[in-house]
Amino acid sequence: MINIPKGTKDVLPQDSYKWQFVEEKAREIAALYNVKEIRTPVFEHTEVFLRGVGDTTDIVNKEMYTFLDKGNRSITLKPEGTAGVARAFIENGMASLPMPVKTFYITPCFRYERPQAGRLREFHQFGVEILGSSAPETDAETIAMAKEFLNAVGVTKLTLKLNSIGCKDCRPNYEKALREYLKGRYDELCDLCKDRYERNPLRILDCKNEECKRIIAGAPKIADFLCDDCKKHFERVKTLLTGVGLEFTIDPDIVRGLDYYTKTVFEFVSEEIGAQGTVLGGGRYDRLIADLGGSDVKGIGFAAGIERLLLVLENSGKQIPEKSGVKIYFAPMGERESEVAFTLAEELRKKGMVAETDIVGRGIKSQFKYADKIGAEYVAVIGSDELEKGKANLKKMSDGSEKEVDFRDIYEFIK
Ligand code: ATP
Ligand code: MG
């Protein structure tokens, strides 16, 4: 027997309606905000992520699915969506489009992680990238959109955590102060954070290690180091969010995993699942496009993990509406009847009604059983009588009531 690779999952036909529901909501909300879909390849040249995500991140250091293709090129399966969108933006000259360029994607992502609840090696993201604006209004609209999406999906008990991590002008001062503070306690840090100390000390702030957390509690806060521009920007974002009644808590330890973030960063955290509570995260990235070789175009975006969203919905007992099922099942008694049943079913389908008939050659009794199992609303036996009269006896499965209906009127009757 061949098994599925570790950290991957099948979405089976009896569950796919849940995925379709979340994806439909994503598309609906994107349309409301005039955000258009972008599709980029599942794999890119590794360089895109080295430069786009950053070589001090967990993703690039430990989690990437990287391999040489037959042409000896280093290829990586996308671990996230933003870098590919940025690459496409530059490559397709999208800077000449009216700004901002508002894009969204629904994509598989690949990270070599230790699988656990809400953490997979192949997972899926709904992401939004808004490119070409540095204004705080863009941050507010993006965050509001994220919230609307989560509302539409039906996720409740959420906290919006907000922070600003400054820019290339003010962050170095903070990093200096942070290193200064951590210097005396370096030996107490976990191995990962020891490594982060030089390369990316900000990441120590969101370490999950208890000892590191305790050390960090007393660390200087970035809010006290922001330059005037970053401070003003952050205040404006907060004012705009408050104006639309969007509640948030300022969390000075939110830094996000990716190197490219500047200024606003945020996370929506659910209380319904434990350690993997972050269902959606995002932030502003004012240097990404330039770092990848493009012009000075700034952006902001977010990504939500679809598996995590479904986990939250499940844990909160939320019912996802299943699309209406089979309206009518035609049960033919013989070969000639089967041709008529096939024709009747096809006619209804052309009109947009879900109809089924026997396509495996079941006997009439087991056809009834089958119709019941697939939840058909009506069953109509097609025998020689029915063929002669051009009428069918429609049996309503919920109460057993029957009604004789002309073949031509079945659609109208059921509708
Ligand atoms: P975490 O702190 O949980 O590792 P992250 O900071 O690595 O998350 P992002 O890179 O910001 O996550 O990705 C955005 C979203 O994608 C996350 O909030 C989460 O919902 C989802 N996600 C990230 N990694 C995984 C994974 N391995 N399996 C399932 N979902 C994931
Ligand atoms: Mg991660």
Open item on the list: So that I can tick it off, tell me whether Glu235 and Lys232 are bridged by a salt bridge, with the cut-off set at under 4.0 angstrom between side-chain N and carboxylate O.
Closed with: no

TODO: Check whether any side-chain heavy atom of Phe368 lies under 4.5 Å from a side-chain heavy atom of Ser366, and answer yes or no.
DONE: no

Task: Thr107 versus Gln125, side-chain donor and acceptor atoms under 3.5 Å - done: no

Just list the side-chain donor-acceptor pairs under 3.5 Å for residues 11-23, sequence neighbours left out, or say none.
{"residue": "Asp15", "atom": "OD1", "partner": "Lys18", "partner atom": "NZ", "Å": "3.4"}
{"residue": "Ser16", "atom": "OG", "partner": "Pro13", "partner atom": "O", "Å": "3.2"}

Task: Other residues, nucleotides, ligands: >12 heavy atoms within 6.0 Å of Tyr112 OH - done: no

Task: Atom NZ of Lys318 with >12 non-hydrogen neighbours under 6.0 angstrom - done: no

Task: From CA spacing to verdict: side chain to side chain contact (heavy atoms under 4.5 Å, CB included), Val381, Ile364 - done: CA-CA 8 Å; Val381 174; Ile364 195 73; 4.1 Å; yes

Open item on the list: Could you check whether any side-chain N or O of Asp406 sits under 3.5 Å from a backbone N or O of Asp409, counting only pairs where one atom can act as donor and the other as acceptor?
Closed with: no

TODO: Answer yes or no: is there an ion pair linking Asp286 with Lys298, defined by an N-O contact shorter than 4.0 Å?
DONE: no

Open item on the list: Could you check whether any side-chain heavy atom of Pro332 comes within less than 4.5 Å of a side-chain heavy atom of Val340, counting everything from C-beta outward?
Closed with: no

Open item on the list: Within the supplied structure, the quantity of interest is the number of heavy atoms (other residues, nucleotides, ligands) at a distance under 6.0 Å from Phe43 CZ; does it exceed 12?
Closed with: no

Task: Salt-bridge criterion met for Asp385 and Lys389 (N-O under 4.0 Å) - done: no

- [ ] Can you measure from OG1 (Thr56) to CG (Asn200) and round to the nearest 0.5 angstrom?
- [x] 3.5 Å

Open item on the list: As an exercise, state the distance from OG1 of Thr156 to CD of Glu271, rounded to the nearest 0.5 Å.
Closed with: 9.0 Å

Open item on the list: For Leu189, is there any backbone N or O sitting under 3.5 Å from a side-chain donor or acceptor partner on Lys194?
Closed with: yes

Task: Worked verdict on Glu44 versus Lys78 for salt bridge (charged side-chain N to carboxylate O under 4.0 Å, His left out) - done: CA-CA 7 Å; Glu44 297 270 359; Lys78 59 161 97 157; over 6 Å; no

- [ ] Report yes if some heavy atom in the side chain of Leu178 is under 4.5 Å from a heavy atom in the side chain of Pro201; otherwise report no.
- [x] yes

TODO: For Glu47, check side-chain hydrogen bond (donor to acceptor under 3.5 Å, both in side chains) against everything at least two apart and list the hits.
DONE: none

TODO: For the pair Glu339 and Arg336, find out whether any cationic side-chain nitrogen is under 4.0 Å from an anionic carboxylate oxygen.
DONE: no

Open item on the list: Quick check for you: to the nearest 0.5 Å, what is the distance between Ile106 atom CD1 and Arg39 atom CZ?
Closed with: 8.5 Å

Open item on the list: Whether the side chain of Asn163 engages the backbone of Pro252 through a donor-acceptor N/O pair (distance < 3.5 Å, no angle test) should be reported.
Closed with: yes

Open item on the list: Let me confirm one number: the OG-CD1 distance from Ser164 to Ile254, rounded to the nearest 0.5 Å.
Closed with: 12.5 Å

- [ ] State plainly whether the residues Arg111 and Glu122 are in salt-bridge range, i.e. N to O under 4.0 Å.
- [x] no

TODO: Determine whether Val312 and Asn315 make a side-chain contact, defined as any pair of heavy atoms from C-beta on separated by less than 4.5 Å.
DONE: no

TODO: Please answer whether the main-chain N or O of Ser133 pairs with a side-chain N or O of Thr138 as donor and acceptor at a distance below 3.5 Å.
DONE: no

Open item on the list: For Arg196, is there an ion pair with Asp58 - N to carboxylate O distance below 4.0 angstrom?
Closed with: yes

Open item on the list: Between Arg121 (side chain only) and Glu113 (backbone N and O only), is there a donor and an acceptor less than 3.5 Å apart?
Closed with: yes

- [ ] Using distance alone, with no hydrogens and no angle criterion, decide if Asp399 and Ser401 have a side-chain donor and acceptor under 3.5 Å apart.
- [x] yes

Open item on the list: Are Asn151 and Ile29 packed together at the side-chain level, in the sense that at least one heavy-atom pair is separated by less than 4.5 angstrom?
Closed with: no

TODO: Taking Glu404 for its side chain and Ala392 for its backbone only, find out whether a donor-acceptor pair lies under 3.5 Å.
DONE: no

Open item on the list: Looking at Phe342, I'd like to know if its CZ atom is crowded, meaning that more than 12 non-hydrogen atoms belonging to other residues, nucleotides or ligands lie closer than 6.0 Å.
Closed with: no

Task: Salt-bridge criterion met for Glu377 and Lys327 (N-O under 4.0 Å) - done: yes

Open item on the list: More than 12 heavy atoms of other residues, nucleotides or ligands under 6.0 Å from CZ of Arg349: yes or no?
Closed with: yes

Open item on the list: In the structure I gave you, are the side-chain heavy atoms of Val101 and Phe89 within less than 4.5 Å of one another anywhere?
Closed with: yes

- [ ] Side-chain contact test, heavy atoms from C-beta onward, threshold under 4.5 Å: evaluate it for Val237 versus Phe248 and give yes or no.
- [x] no

TODO: Examine distances only and state if a side-chain atom of Glu386 and a backbone atom of Gly383 form a donor-acceptor pair shorter than 3.5 Å.
DONE: yes

- [ ] Could you tell me whether Arg199 atom CZ has more than 12 heavy atoms of other residues or ligands within 6.0 Å of it?
- [x] yes

Open item on the list: Checking side-chain polar atoms at under 3.5 Å, does Tyr105 have a donor or acceptor matched by the opposite partner on Glu37?
Closed with: no

Open item on the list: Just checking Lys221: does its NZ atom have more than 12 heavy atoms from other residues, nucleotides or ligands closer to it than 6.0 angstrom?
Closed with: yes

Task: Check: Asp139 main-chain N/O paired with Thr264 side-chain donor or acceptor under 3.5 Å - done: no

TODO: Go through Arg284 and Val265 one step at a time and tell me if the side chain to side chain contact (heavy atoms under 4.5 Å, CB included) criterion holds.
DONE: CA-CA 6 Å; Arg284 170 164 281 286; Val265 289; over 6 Å; no

TODO: Evaluate whether atom CD1 of Ile359 has more than 12 neighbouring non-hydrogen atoms of other residues, nucleotides or ligands under 6.0 angstrom away.
DONE: no

TODO: Give a yes/no verdict on a cation-pi contact between Lys238 and Phe234, requiring under 6.0 Å between NZ or CZ and the six-membered ring centre and an angle within 45° of the axis.
DONE: yes

Task: Test item: side-chain donor near acceptor, Tyr411 and Glu347, under 3.5 Å - done: no

TODO: Using a strict cut-off of less than 4.0 Å between a Lys/Arg side-chain nitrogen and an Asp/Glu carboxylate oxygen, indicate whether Lys102 and Glu141 qualify as a salt bridge.
DONE: yes

Open item on the list: Applying side chain to side chain contact (heavy atoms under 4.5 Å, CB included) to Leu202 and Ile204, what does each step give before you reach the verdict?
Closed with: CA-CA 5 Å; Leu202 229 61; Ile204 300 176; over 6 Å; no

TODO: Measure the CZ-CG distance between Phe407 and Leu387 for me, rounded to the nearest 0.5 Å.
DONE: 6.0 Å

Open item on the list: With heavy-atom distances below 4.5 Å as the criterion, would you say the side chains of Tyr378 and Lys395 are in contact?
Closed with: no

- [ ] Answer yes or no: is there an ion pair linking Asp229 with Lys263, defined by an N-O contact shorter than 4.0 Å?
- [x] yes

Open item on the list: Please check this pair: side chain of Glu28 against backbone of Ala31, looking for a donor-acceptor N/O pair closer than 3.5 Å.
Closed with: no

- [ ] State the OG1-CZ distance between Thr159 and Phe268, to the nearest 0.5 angstrom.
- [x] 10.0 Å

Open item on the list: Lys213 vs Glu211, test: salt bridge (charged side-chain N to carboxylate O under 4.0 Å, His left out). Steps then yes/no.
Closed with: CA-CA 5 Å; Lys213 272 191 193 168; Glu211 183 61 27; over 6 Å; no

- [ ] Verify the distance criterion only: is there a donor paired with an acceptor across the side chains of Arg87 and Asn92 at less than 3.5 Å?
- [x] no

- [ ] Evaluate side chain to side chain contact (heavy atoms under 4.5 Å, CB included) for Leu309 paired with Leu280, printing each intermediate quantity in order.
- [x] CA-CA 9 Å; Leu309 279 175; Leu280 183 152; over 6 Å; no

Open item on the list: Do the side chains of Glu137 and Arg236 get close enough for a salt bridge, i.e. N-O under 4.0 angstrom?
Closed with: yes

Open item on the list: Whether the side chain of Glu267 engages the backbone of Val269 through a donor-acceptor N/O pair (distance < 3.5 Å, no angle test) should be reported.
Closed with: no

